[in-house]
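Okay, so here's the structure we're looking at.
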Amino acid sequence: MSEQMSERKSSDRLAKIGLAGLGASALIGVASLGTARYLVNKLTRLTPVTTTESYTFTPFETQVAFEEVSFPTTNGRLLSGWWLPRPASQRVVIAVSGYRGKKEDMLGISSILWRNDYNVLLFDYRAHGVAREEGELITLGHRELEDLQSAIGYVRERVPQSWLGLLGGSMGAAVVLLATARDQTIKAVWADSSFTSQQDVISYNWRSITHLPGRPILSIAARIFETRTGHRWRDFAPLAEIGRIAPRPVYLVHAAADSMIPVEQAYQLYAAAGEPKELWIEENLEHCGVYFTYRNEYAQRVVAFFGKYLVAERSVQQPVSANTAVSAG
């Protein structure tokens, strides 16, 4: 009898331990789900438009001729943009901003390109800029790529025989790389601070900020993101497609001390790209810091790059210095 009672007590203790384990697992599961939802919300949801957001620079401040334009994207939503016209030129560059960015972020380099005889289009993605609408979601590249493809369609209608190049920074750099890989009519692409894939950059920032492993939070978050947006993190990967751009040229720029997108991802993209390709790395600078530290050199390199490739004969043209370009009337 005592042995039976002892066995029963042991069994009861095991059952309690098992139930406790199940309870702990349930708590961990609930916590993981909540954390994953919070992460996806932070990545995708809009911030309210403030009353002062429209108090910003426009091409008027840089003394550049411009038109306010709009064009529809895939769901019929009208996107707003600025067209910087050079009617006598067939050269066009579309300048693309980054995550939660806006078209005025690209106004500096776009004004320099305009002064060097390029038509330039700047635009706001859905869920970006002052025209963002309630209910829209940021998708970290998926719908933003669709919006760029709509912008390319607008350019083709406006300048049917255009020599088209793309320029982007951060998420915008990843977007222009994928757009170029998928559209053989784009002649050249300049990508500043691109990531290798959506999954890579989210995982890197999760680990660097939280110092926690990716599992199970990121696996759950990826499923929530797919349910919410209809897109998968792993499907947005410039590294997997950059090789298809060749023989068209790719120019990659990155800051060596980038804490948001590590410079190793730039080296991976460069290794995967075909010729012709160029890589410009600057030490001791943070994310997208190359332009702001080396404005004159950056402008000259951009103008020289597109001047070389956005021509029918692909002849090299002499760039105008950034200082001259900005001060020109």
Side-chain angles (χ1 to χ4, degrees), residues 31-45 96-101 105 125 127-128 137-145 168-179 181 189-226 228-229 231-243 250-273 277 279-293:
S32 297
L33 179 60
T35 302
R37 281 178 175 163
Y38 175 80
L39 173 61
V40 174
N41 287 344
K42 290 290 288 185
L43 290 172
T44 62
R45 282 190 176 174
V96 184
S97 63
Y99 175 72
R100 295 191 184 275
D105 295 343
Y125 313 110
H128 291 70
L137 295 172
I138 296 171
T139 62
L140 288 84
H142 296 280
R143 294 178 189 172
E144 292 80 4
L145 174 59
S170 192
M171 182 191 76
V175 168
V176 298
L177 287 174
L178 280 178
V189 58
W190 178 285
D192 186 332
S193 308
S194 177
F195 50 76
T196 49
S197 74
Q198 195 175 91
Q199 193 157 306
D200 288 344
V201 73
I202 293 170
S203 178
Y204 173 81
N205 279 275
W206 169 263
R207 293 194 311 272
S208 65
I209 292 169
T210 68
H211 306 288
L212 296 173
R215 289 179 175 271
I217 303 296
L218 295 186
S219 299
I220 298 170
R223 292 196 293 271
I224 294 171
F225 181 88
E226 182 179 353
R228 187 169 296 179
T229 68
H231 300 284
R232 298 183 297 185
W233 287 350
R234 65 177 181 268
D235 291 341
F236 193 90
L239 183 62
E241 300 189 40
I242 193 171
V250 176
Y251 204 121
L252 300 172
V253 183
H254 218 97
D258 193 331
S259 62
M260 185 177 298
I261 302 172
V263 70
E264 288 77 12
Q265 296 195 19
Y267 287 117
Q268 292 175 47
L269 288 167
Y270 182 74
K277 59 184 177 180
L279 177 63
W280 180 12
I281 303 292
E282 285 291 345
E283 301 295 325
N284 304 316
L285 295 178
E286 253 293 353
H287 186 62
C288 290
V290 178
Y291 171 80
F292 295 99
T293 306

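Just so it is clear, the values below take in all heavy atoms, side chains as well, and ignore hydrogens, waters and symmetry mates. This chain uses plain numbering: 1 for the first residue, then up along the sequence.
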Side chains of residues 233-240: which donor-acceptor pairs under 3.5 Å do they make with residues two or more places apart or in other chains?
unit_1: D235; atom_1: OD1; unit_2: R232; atom_2: NH2; d: 3.3
unit_1: D235; atom_1: OD2; unit_2: R232; atom_2: NE; d: 2.8
unit_1: D235; atom_1: OD2; unit_2: R232; atom_2: NH2; d: 3.2

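- Remark: D192 engages no residue in a salt bridge (charged side-chain N to carboxylate O under 4.0 Å, His left out) (not counting sequence neighbours).
- Between the CG atom of L145 and the CG atom of L178 there is a distance of 6.0 Å, given to the nearest 0.5 Å.
- Among residues two or more places apart in sequence or in another chain, the ring-ring contact (aromatic ring centres under 6.0 Å, His included) test is passed with F195 by none.
- At least one side-chain heavy atom of V263 sits under 4.5 Å from a side-chain heavy atom of I281.
- Looking at residues two or more places apart in sequence or on another chain, you find a ring-ring contact (aromatic ring centres under 6.0 Å, His included) between H231 and H142.
- For residues 199-211, the pairs satisfying side-chain hydrogen bond (donor to acceptor under 3.5 Å, both in side chains) are T196-D200, S197-D200, S203-R207, with sequence neighbours left out.
- Partners of A271 by side-chain contact (heavy atoms from CB on, under 4.5 Å), not counting sequence neighbours: none found.
- Applying the side-chain hydrogen bond (donor to acceptor under 3.5 Å, both in side chains) criterion to T229, with sequence neighbours excluded, gives no partner residue.
- The CG atom of L279 sits 9.5 Å away from the CG atom of L269 when rounded to the nearest 0.5 Å.
- Atom-to-atom distance recorded for E144:CD and T139:OG1 is 3.5 Å, nearest 0.5 angstrom.
- Scored by the side-chain contact (heavy atoms from CB on, under 4.5 Å) test, S193 finds H254, D258, H287, C288 as partners (sequence neighbours excluded).
- By the side-chain contact (heavy atoms from CB on, under 4.5 Å) test, S219 pairs with R215, R223, sequence neighbours left out.
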Contacts under 3.5 angstrom, residues 36-43 side chains, donor-acceptor by atom type, not counting sequence neighbours:
unit_1: N41; atom_1: OD1; unit_2: R228; atom_2: NH1; d: 2.3
unit_1: N41; atom_1: OD1; unit_2: R228; atom_2: NH2; d: 3.2
unit_1: N41; atom_1: ND2; unit_2: R37; atom_2: O; d: 3.3

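- Taking every heavy atom of both residues into account, V290 and L285 meet most closely at CA-CD1, 4.0 Å.
- E286 is linked by a side-chain hydrogen bond (donor to acceptor under 3.5 Å, both in side chains) to S259, counting only residues two or more places apart in sequence or in another chain.
- A heavy-atom distance below 4.5 Å is found between the side chains of H128 and I138.
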For this session: Report the C-alpha separation of R143 and L137 in whole Å, then their side-chain angles, then the decisive distance to 0.1 Å, and conclude whether the side chain to side chain contact (heavy atoms under 4.5 Å, CB included) test is met.
Result: CA-CA 9 Å; R143 294 178 189 172; L137 295 172; 4.1 Å; yes
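- Once rounded to the nearest 0.5 Å, the distance linking CD1 of I261 with CE of M171 reads 10.0 Å.
- With hydrogens and angles ignored, the 3.5 Å screen pairs a side-chain donor or acceptor of Y125 with a backbone N or O of S97.
- Taking CG of L218 as the reference point, atom CD1 of I224 lies at 11.0 Å (rounded to 0.5 Å).
- For E282, the salt bridge (charged side-chain N to carboxylate O under 4.0 Å, His left out) test picks out no residue, with sequence neighbours left out.
- Listed for the Q265 side chain is no donor-acceptor partner under 3.5 Å among the backbone atoms of S194.
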